[in-house]
Engineer: 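My questions will all concern the structure given below.
Heavy atoms only: backbone and side chains are in, while hydrogens, waters and symmetry mates are out. If you're wondering where the values come from, they're calculated on a predicted model, not measured in any experiment. Order of the sequence lines sets the chain letters (A, B, ...), proteins ahead of strands, with each chain counted from 1.
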Protein chains: 2
Amino acid sequence: MPRPARFTRSEVIASALQLADEQGLAAVTMSAVAARLGVTPMALYAHVDSKEHLLDLLVEAVLCELPETDDLPDGWSQLEILARELRGTAGRHPAVFPLLLQRPAVAGGSLRLRARIRDALHACGVPVDAADRGERLVSTIALGFLASETSGRFAEVPPEQRDADFELLLELVRQGLPVLHRRSSRR
Amino acid sequence: MPRPARFTRSEVIASALQLADEQGLAAVTMSAVAARLGVTPMALYAHVDSKEHLLDLLVEAVLCELPETDDLPDGWSQLEILARELRGTAGRHPAVFPLLLQRPAVAGGSLRLRARIRDALHACGVPVDAADRGERLVSTIALGFLASETSGRFAEVPPEQRDADFELLLELVRQGLPVLHRRSSRR
DNA sequence: ACCTGAACACCGTTCAAGT
DNA sequence: ACCTGAACACCGTTCAAGT
């Protein structure tokens, strides 16, 4: 008869995430993850399709950490909060974050985040037919900055200056947002 | 007496770049690069420190492809041209481009690009003490978009829509640029 | 159904040896 | 100085076998 599994997929993900946080993405090895669970590498394949699949699950796990924000009055506040939360998450999982840029955002956590950005943009007065495009642009700007920050491109820039950079980036987006208010597709 | 080398560092870089362009970054293997030169993998180490070093050289090679633009009247035109050239380069070397986000831009090609962006910003009226920060923000936005485009995050978005996204991103930056005109460090 | 042990086809890199 | 051959310590993954 079927024996109960000795460990779950969630435990696999948790182990991989700890490994990534502590020693970087290169340390996330099927062997290392298995060792952390006291198990053979091949045992992982009962819970996970492949290493690529595991990395996808890692991205999902990180995105699901984003707290649900209670509804704020204006749309810009929502967008700002979202950006700061995302930056906090990036700081907690710097090794995993760059992966966000490398795969299409189609799983649950990604879709939820995208929907929240679209809602916030809509509350900013962006017309619905420009919401998708607006979401892509805003998230691209955010991910570009956070990936730069977490994966070494800003390594030489002192932290307090990166904080100021982030504030100015928010301000730049706020100033540029009216672009989305005009009719978006002119054909 | 010292024999002439059978191949040069440039040839190593060229082979690696071809491999990356044709079959993706995963195909850039010391063995594969060596095979393309008709040589043993270990022969590469006479011209290159390590694979990591080779990847750095690859990034440099791609950045050095950027054509020198003749000086245009206004700063914004310079910035726009630069962005379009960068996008062209990204399209030609989609596999290498994401690496740009992952390492600090300190080599020759990167520094030259950064200087050109700073000059263009200055020509846009950005004060000198905000030029560094402005360069970081503008290049972050550009790299964020181009990395997204070349490494799969926009995989589902049809090309003509990505073109329109890019135009709107330029417009958003143009609208937001005045943020840099104000005194940048208020302490 | 879940896990193991052995095996396969790869990696990047070192080292001593050849010329 | 440049390149080779053999070897090392790793990868991710398969497969047949155990329970």
Engineer: Between B:Gly38 and A:Ser50, name the one whose nearest nucleotide on DNA chain D is closer to the 5' end.
Structural biologist: B:Gly38
Engineer: Nearest whole angstrom, please: distance from the P of D:dC10 to the CD of A:Gln23.
Structural biologist: 14 Å
Engineer: Quick one: A:Lys51 NZ to D:dT13 P, roughly how many Å, whole number?
Structural biologist: 8 Å
Engineer: Expressed in angstrom and rounded to an integer, what is the separation of B:Leu37 atom CG from D:dT4 atom P?
Structural biologist: 11 Å
Engineer: Closest approach to the side chain of B:Val39, judged atom by atom: which nucleotide of C:dC11, D:dT4, C:dT13 is it?
Structural biologist: D:dT4
Engineer: Report the distance from atom CG of B:Leu44 to atom C1' of C:dT13, rounded to the nearest whole Å.
Structural biologist: 12 Å
Engineer: With both distances under 3.5 Å as the test, what is the Watson-Crick or G-U wobble partner of C:dA9?
Structural biologist: none
Engineer: Regarding A:Met30, tell me which of base, sugar-phosphate or nothing describes its non-hydrogen contacts under 4.0 Å with the strands shown.
Structural biologist: sugar-phosphate
Engineer: Considering only C:dG12, D:dC3, D:dT4, which nucleotide approaches the side chain of B:Met42 most closely?
Structural biologist: D:dT4
Engineer: I need the CG-C1' distance between A:Leu25 and D:dC11, as an integer number of Å.
Structural biologist: 14 Å
Engineer: Between A:Tyr45 and D:dT13, does any side-chain N or O lie under 4.0 Å from OP1 or OP2?
Structural biologist: yes
Engineer: Reckon A:Thr40 has a side-chain N or O less than 4.0 Å from the OP1 or OP2 of C:dC3?
Structural biologist: no
Engineer: So, is B:His47 close to the D:dA1 phosphate, meaning a side-chain N or O under 4.0 Å from OP1 or OP2?
Structural biologist: no
Engineer: Given atom CZ of A:Arg9 and atom C1' of C:dA1, what is their separation to the nearest angstrom?
Structural biologist: 15 Å
Engineer: Please determine if B:Glu156 and B:Arg162 form a salt bridge, counting it only when a charged side-chain N lies under 4.0 Å from a carboxylate O.
Structural biologist: no
Engineer: Whole-Å distance between D:dT13 C1' and A:Glu52 CD?
Structural biologist: 14 Å
Engineer: Tell me which of A:Asp49 and A:Ala26 sits closer to the 5' end of DNA chain D, going by the nucleotide each one is nearest to.
Structural biologist: A:Ala26
Engineer: Taking CG from A:Leu54 and P from D:dC11, how many angstroms apart are they, rounded to a whole number?
Structural biologist: 14 Å
Engineer: What is the base-pairing partner of D:dT4, counting Watson-Crick and G-U wobble geometry with both distances under 3.5 Å?
Structural biologist: C:dA16
Engineer: Does A:Glu11 come within less than 4.0 Å of A:Arg6, counting only side-chain N to carboxylate O?
Structural biologist: no
Engineer: Determine, for B:Arg87 against B:Asp163, whether the closest basic-nitrogen to carboxylate-oxygen distance falls under 4.0 angstrom.
Structural biologist: yes
Engineer: Where do A:Phe97 and A:Leu86 land on the side-chain contact (heavy atoms from CB on, under 4.5 Å) test, with the steps shown first?
Structural biologist: CA-CA 10 Å; A:Phe97 212 79; A:Leu86 203 58; 4.0 Å; yes
Engineer: Hey, is A:Glu65 close enough to A:Arg92 for a salt bridge, meaning N to O under 4.0 Å?
Structural biologist: yes
Engineer: From C:dG12, D:dC3, C:dT13, pick the nucleotide closest to the side chain of B:Ala43?
Structural biologist: D:dC3
